[in-house]
Amino acid sequence: MVTRRDLLRASGFGALALAAAPLIAACGDGGSGAGSSDLTLSYLGTADQQQVWNKLFAEFQRKNPDIKLKATGSPVDNWAAYFDKVSTQLAGGVRYDLIQVATEGMQLFASKGLLQPLDDLVSKNQAELDDFLADAHPNLPKWNKQYGSPDGKTYFLPGDFNTMCLWFNKEVFQQAGVEAPTNEWTWDDFLKAGRTIKQKTGAFLYPATAEYFIGVMPWLLTNGASTLSDDWKKATCDTPAAIEAAEFARQLVAEKLSPPPGGSFDRFTLATQGKLATFGGGRWPIVNIRQANAVEKFGIVAWPRKVKQGSPVGWNGIPVMKSSNKPEKAFEFLKFLISKEGDAFFAQLGGTIVPARKSVAESTAYLDNSPTGTENLYAALDYATVIPAPAKGNLIQRDIEDTWGQILAGNTKPADGMKKMQEKVAANV
């Protein structure tokens with residue numbers, strides 16, 4: 001899983017292409033013109049991210065010289081564009097053995113009949129899976145079983161993940177004479193600090209956005225709210241707690257503690273320049289922060305809370321396509337990803353995902369050259385909530401982001417906006 005910005009924003013998500021894909025893709029010869037002996041993989045990766053992924057692929061190739069992996073990265077910065085591209089390729093006859101799917105797309109892909117169940121392959125490789133499960137946070141396999149399938153079959157292995165925490169520029173807080181954030185910070189602490197920082201340094205506090213994973217769910221969850229019930233069958237967008245969360249996000253914009261929403265700004269550049277005190281993120285900002293040689297400037301803490309700690313969580317899934325005629329070879333790649341060696345190798349490279357294995361998440365391979373408090377990303381699994389993503393999650397996300405954006409911009413009152421969101425989301429549950 002890479003950056004979750006604009007996750008599944010496109011309303012159609014290539015819906016027609018996906019529906020037709022199982023019939024058309026079965027006629028293809030191989031992903032992107034690959035030879036029949038190649039194992040083909042499609043994944044999301046910007047140019048910078050592909051440099052890291054390619055090193056991981058090379059290590060797999062070194063460990064498995066008899067399996068030729070042909071990986072195709074899509075240089076886009078959001079899942080919506082990636083899924084649109086892949087669905088169009090599938091409808092056009094391109095066939096992949098493996099594709100990368102974030103949590104938000106798991107039930108959607110599985111419900112379209114595009115994926116092979118992994119239950120038999122899991123049984124044949126139980127020893128490797130048991131080794132992984134003994135080292136992984138117990139919530140990951142539990143959530144994967146509960147939310148990663150529409151029919152009880154296993155389509156994904158619980159992989160590396162991202163939660164949401166608050167990244168902050170230590171120097172900005174020091175310049176404003178404000179104590180650095182802690183894991184115990186409240187919304188009131190956050191707001192008070194932002195006002196002082198704005199007054200004394202001119203820096204923005206935080207970029208309020210309508211991104212579902214990044215900009216909406218953290219505020220809802222830290223106030224005990226969400227967009228859907230725990231079973232994802234009932235919309236819960238207009239509860240008093242949800243409305244209060246929307247009001248708080250709007251307040252950040254109204255007080256000009258956030259850059260104007262909808263504009264074009266680079267949160268990472270602004271933060272490293274000291275023009276932005278905080279931003280929300282999982283592990284993925286590490287690429288930008290390291291490139292700017294700014295690791296020492298930043299710290300990471302739990303999201304400020306109103307009534308409880310909260311964070312969305314989504315994990316990296318790479319399913320085997322039903323059209324693949326090399327499922328055993330494909331599963332070898334999946335085993336490599338969850339192996340301690342593979343997990344540690346990717347972490348050391350500066351991968352954009354938090355390691356699923358606790359031993360790796362606590363290792364120097366992961367923690368070195370990282371901001372103080374990086375361990376809080378793994379610790380968030382203790383209180384995180386899986387990002388709600390039912391089979392029609394693409395439609396639900398569009399409505400959530402569109403409505404939240406209107407609230408942030410002041411085009412609708414929070415209570416009215418959340419009522420409209422409730423109606424729209426309820427229609428697609």
* To do: Could you give me the CA-CA distance, side-chain angles and deciding distance for Asn428 and Asp399, then say whether side chain to side chain contact (heavy atoms under 4.5 Å, CB included) is met?
  => CA-CA 10 Å; Asn428 285 304; Asp399 292 330; 3.8 Å; yes
Using a 4.5 Å cut-off on heavy atoms from C-beta on, say whether the side chain of [Y] contacts that of [X].
X      : Y      : result
Thr374 : Arg283 : yes
Ile286 : Ser370 : yes
Tyr212 : Met217 : yes
Val122 : Leu157 : yes
Ile67  : Glu332 : yes
Phe132 : Pro141 : no
Ile318 : Leu334 : yes

Any donor-acceptor pair under 3.5 Å from [X] side chain to [Y] backbone:
X      : Y      : answer
Asp135 : Ser359 : yes
Asn376 : Ala302 : no
Asn316 : Asp160 : no
Thr272 : Thr269 : yes
Thr103 : Trp315 : yes
Ser229 : Lys234 : yes
Gln406 : Asn411 : no
Thr222 : Lys306 : no
Thr40  : Asp97  : yes
Gln107 : Tyr147 : yes

Salt bridge check, [Y] against [X]: does any charged N sit closer than 4.0 Å to a carboxylate O?
X      : Y      : result
Arg267 : Glu211 : yes
Glu341 : Lys63  : yes
Glu59  : Arg62  : yes
Asp131 : Arg357 : yes
Arg305 : Glu184 : yes

* Test the Lys170-Phe298 pair against the cation-pi criterion, namely NZ or CZ under 6.0 angstrom from the six-membered ring centroid and within 45° of the ring axis. => no
* Structure fact -> All heavy atoms of Gly310 vs all of Leu221, minimum pair found to be CA-CB, 4.1 Å
* Do you know which two heavy atoms are closest between Gly215 and Trp404, and how far apart they sit? -> O-NE1, 3.8 Å
* Applying salt bridge (Lys or Arg N to Asp or Glu O under 4.0 Å), name anything that partners Glu171, two or more places apart in sequence or on another chain. => none
* **Candidates Phe248, Trp167, Trp219 - the one meeting ring-ring contact (aromatic ring centres under 6.0 Å, His included) with Tyr206** => Trp219
* To do: Show your working on side chain to side chain contact (heavy atoms under 4.5 Å, CB included) between Leu41 and Trp53 and close with a plain yes or no.
  => CA-CA 12 Å; Leu41 164 69; Trp53 279 100; 6.0 Å; no
* Report yes if the distance between the aromatic ring centroids of Tyr82 and Tyr43 is under 6.0 Å, otherwise no. => no
